[in-house]
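Quick note: residue numbers are just sequence positions, from 1. Remember, it's a predicted structure, so these values are computed and weren't measured experimentally.
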Amino acid sequence: MAEHLIAVTLVGPDRKGLLADVTGALVPLAVYHGDPTFTMLPGGNVAILLAMRTDVDAAAVRHALAPLTNEPWIAVHVDDLADRASQAETQGARFVLRIRTQGRPGVLAEFTKIVAQHGGLLVDFGTRIGGDRISVLRVELQDPAEHNVDALTQALYSAAEQMGIGIKFYDTALGENPLM
């Protein structure tokens, strides 16, 4: 059988047992999924993301999850994904960008634009909200020698200074010692 790479996204109001219902619906298909991403959203809503490799196609997964779509306000999307990771020859150098801000509009857009202009690929993103809002982006550069890491670092710190916010950018192989 053909192997499929499938993503399931569910967005809607949270309730007890929702994640159990999603994962339980996949058991009869013998679908193994990695760790689901479960994110609390404003207003008592939740977003669940599952990615899985399976012998069943997206239509079978949609059919298994169909009872959840009968619940009010729950949206379920099942999509086939292209398997780009298996096509990559090597993993690039990984960097972390931490942004400390009060959540002003446009901050994330500006930093992700700078990363893209310097050949970076965003591989993970998360936000922790506490006293200050801290966004963490994990960035990959396939060939750091080809892309000027110093120029990327300078552009990120320059943008942070212009916006009046604090950042920390570092190579994960070196730890949190700032590159600048």
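- Identified under the salt bridge (charged side-chain N to carboxylate O under 4.0 Å, His left out) test for residues 41-50, with sequence neighbours left out: none.
- Between Leu152 atom CG and Asp150 atom CG the span is 9.5 Å, to the nearest 0.5 Å.
- The two residues Ala60 and Val56 have their closest heavy-atom pair at CB-CB, 4.0 Å.
- Residues satisfying the side-chain contact (heavy atoms from CB on, under 4.5 Å) test with Leu108, not counting sequence neighbours, are Thr112, Phe125, Leu137.
- Under the side-chain contact (heavy atoms from CB on, under 4.5 Å) criterion, Ala116 pairs with no residue, sequence neighbours left out.
- Under the rule for a salt bridge (Lys or Arg N to Asp or Glu O under 4.0 Å), the partners of Arg15 that lie at least two apart in sequence or sit in another chain are Asp21, Glu71.
- The two residues Val78 and Ala58 make their nearest non-hydrogen contact at CG1-O, 3.7 Å.
- Leu41 belongs to a hydrophobic cluster whose remaining members, ordered by chain and number, are Val11; membership requires side-chain heavy atoms of ILVMFWY residues under 4.5 Å apart, directly or through intermediates.
- Taking every heavy atom of both residues into account, Met52 and Leu26 meet most closely at CE-CD1, 3.8 Å.
- What you find for Lys168 and Tyr157 is that their closest heavy atoms are CA-OH, 3.5 Å.
- Under the side-chain contact (heavy atoms from CB on, under 4.5 Å) criterion, Ala109 pairs with no residue at all, not counting sequence neighbours.
- Hydrophobic clustering (side-chain heavy atoms under 4.5 Å, transitive across Ile, Leu, Val, Met, Phe, Trp, Tyr) groups Leu18 together with Met40.
- Here the closest heavy-atom approach between residue Ile48 and residue Leu19 is recorded as CG2-CD1, 3.9 Å.
- Applying the salt bridge (Lys or Arg N to Asp or Glu O under 4.0 Å) criterion to Glu110, with sequence neighbours excluded, gives Lys113.
- The salt bridge (Lys or Arg N to Asp or Glu O under 4.0 Å) test applied to Asp80 returns no partner, not counting sequence neighbours.
- Of all heavy-atom pairs between Asp55 and His4, the closest is O-CD2, 3.7 Å.
- The structure places CD1 of Ile114 at 11.0 Å from OG1 of Thr153, a figure rounded to the nearest 0.5 Å.
- Residues Phe169 and Phe95 bring their aromatic ring centres within 6.0 Å.
- Residues satisfying the side-chain contact (heavy atoms from CB on, under 4.5 Å) test with Pro13, not counting sequence neighbours, are Asn45, Trp73, Ile74.
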